[in-house]
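The structure under discussion appears below in the form of structure tokens.
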Amino acid sequence: MSTFNLNVDVNHNGDVKNADSLCTLDDIDDIDFSKLLEKPRPLNIERLRSLDERSLTELSGSPQLRNGDNASRVHDHADYVVSPSVGRRSGFNTPRSQHGFESHPMVGEAWDALRRSMVYFRGQPVGTIAAVDNSEEKLNYDQVFVRDFVPSALAFLMNGEPEIVRNFLLKTLRLQSWEKKIDRFQLGEGVMPASFKVFHDPVRNHETLIADFGESAIGRVAPVDSGFWWIILLRAYTKSTGDSSLADMPECQKGMRLILSLCLSEGFDTFPTLLCADGCCMIDRRMGVYGYPIEIQALFFMALRCALLLLKQDGEGKEMVEQIVKRLHALSYHMRSYFWLDLKQLNDIYRYKTEEYSHTAVNKFNVIPDSLPEWVFDFMPHHGGFFIGNVSPARMDFRWFAMGNCIAILSSLATPEQSTAIMDLIEARWEELVGEMPLKVCYPAIESHEWRIVTGCDPKNTRWSYHNGGSWPVLLWLLTAACIKTGRPQIARRAIEVAEARLHKDHWPEYYDGKVGRYVGKQARKCQTWSIAGYLVAKMMLEDPSHVGMVALEEDKQMKPVMRRSNSWNC
Ligand code: GLC
């Protein structure tokens, strides 16, 4: 019944680039990321000091906060904007890019496919459909997913086409104000949809939007990540275009406040992390990611930092900024202390005493060393570390999750040392995490009895398939951004090469199965839009690393790395 206007009309625009952004592939290895973020943009906006550069501590005691001086609000986007939208660029007719880079033939094909996935509402582009695969039963893959649209949006922004991103942000914001109900229960005002579609009424010849906030989703879980992605995308749009008028709109300010109010409200929590149900993020089925999953915590942290850059400090905004600053401090302390795992920490946990009482306890969550899985001892390299999947009372989920670790690097939730360690681990465990298709959504898979208990016998999430240790090409953009931010683009280049050997030939599958990702996923859609967009974004970031500034935040120097207490005997 519903129709999508798929745009097959493509602009063959020329490729215009700033001479100062020219660099060769070899140059990228020597790039200092902090310099990239400081790249001045050629727009005539008064240069203000960036919030990226300002400390949270400074902010919490700042006169702006105390006086609510709106005029002195700091715009990071007023400071510097990456990849100025001076011209549109597409892969079409550009077998060789104009900057000395060899453009892979797949790039043009990918742009074609991405444009075919565009969804129009009353004549305006508003998003991209999840998969243009007519061979499979559609389920909800004919919808525009908020999380799936992010790499598409970044591709369009990097190509100097912000209109679709602006429309998407405004349309989803309108959807937020809908009344949301599951049976007789009303969801929080700030919840953003997981997805939406355009409904065409042929009788009235009229189009309307239909959104899903979890009330139609398999499992009926509301997407916690959608709101965070919305804020992160609003900041990427603002940074990329230098246009702060969208974020400044009272509707956008309110939208951000509503999203964050859901997460910052006081309750029974004893941790600054966000408690959530299984399946509320990219892994949208039961996979043991309930509680405090790393993906949500990292996105929460990033969204808080982006909101801090975008929120006006007037009446309600001021109060929220104060709450955000406090939460960021607590959240970074908690995550860096308790979610971090490296060889030393692993050894400490292995020797943990249990049943400790009072505030002097070292093993605060009473994790029983016997719960350490066998695989983690072999997986942990000498050099390297990662944020584990989940930490809650007596439970540490030691699985490695790609999205959470990459977002931790991009948002600077990870300290520079931790970011380096995450990359070291990816290099050291290349076969396991990248193998024949980047990148494992999580590692390792759960099997047998554990699979039965954890997934509820989910036949789609069998071992090394889909969310259970499957390999997802979309994650390539996150890996590439993290590589560039940590100054190691050669890792991304290797991963992209691996993907290029198969992605297009296999028709851009949603995911791959098997221990090393050798097989096209059992139920994977073909022409999955975020696989296509993820590849394009990865390529464009390698070509012009300054693009990474759209999705990366510099470290806040005042959020000191924590001194971790150890129960090992110090001589
Ligand atoms: C799958 C993924 C989810 C994605 C959706 C649409 O359900 O798990 O993250 O948003 O497909 O592509």
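These figures come from a predicted structure and were not determined experimentally. Every number for a ligand or one of its atoms is a count from 1 in the order of the listing.
The protein non-hydrogen atom at the shortest distance from atom 7 (O) of ligand 1 is Asp284 OD2, 2.9 Å. Scanning the protein heavy atoms around atom 10 (O) of ligand 1, the nearest turns out to be Asp148 OD1, 2.6 Å. The protein heavy-atom contact nearest to atom 8 (O) of ligand 1 is His467 NE2, 2.6 Å. When hydrogens are left out, the protein atom nearest atom 2 (C) of ligand 1 is Met282 O, 3.7 Å; that is the closest non-hydrogen contact.
Within 6.0 Å of the CZ atom in Arg174, the count of heavy atoms belonging to other residues, nucleotides or ligands does not exceed 12.
Here's the thing with Cys281: none of its N/O atoms is less than 3.5 angstrom from an N/O atom of ligand 1.
At a heavy-atom distance under 4.0 Å, no atom of Arg525 approaches ligand 1.
Side-chain contact between Glu450 and Glu447 is absent, with no heavy atoms from C-beta onward closer than 4.5 Å.
Below 4.0 Å from some heavy atom of Glu510 lie the following atoms of ligand 1, by number and element: 1 (C), 11 (O). The Gln528 neighbourhood of ligand 1 comprises atoms 12 (O), with distances under 4.0 Å to a heavy atom of that residue.
Distance alone, capped at 3.5 Å, places no donor-acceptor pair between the Asn390 side chain and the Asp397 backbone.
Here side-chain hydrogen bond (donor to acceptor under 3.5 Å, both in side chains) pairs that include residues 499-512, with residues two or more places apart or in two chains, are Tyr141-Glu510, Glu500-Tyr535, Glu500-Lys539, Asp506-Tyr512.
In this structure, Arg494 is positioned above the aromatic face of Trp430, its NZ or CZ under 6.0 Å from the six-membered ring centre and within 45° of the axis.
Taking every heavy atom of both residues into account, Trp178 and Leu209 meet most closely at CH2-O, 3.1 Å.
Atom 1 (C) of ligand 1 has its nearest heavy-atom neighbour, among Phe145, Trp530, Tyr466, in Tyr466.
No salt bridge links Arg525 with Asp142; every basic N to acidic carboxylate O contact stays at or beyond 4.0 Å.
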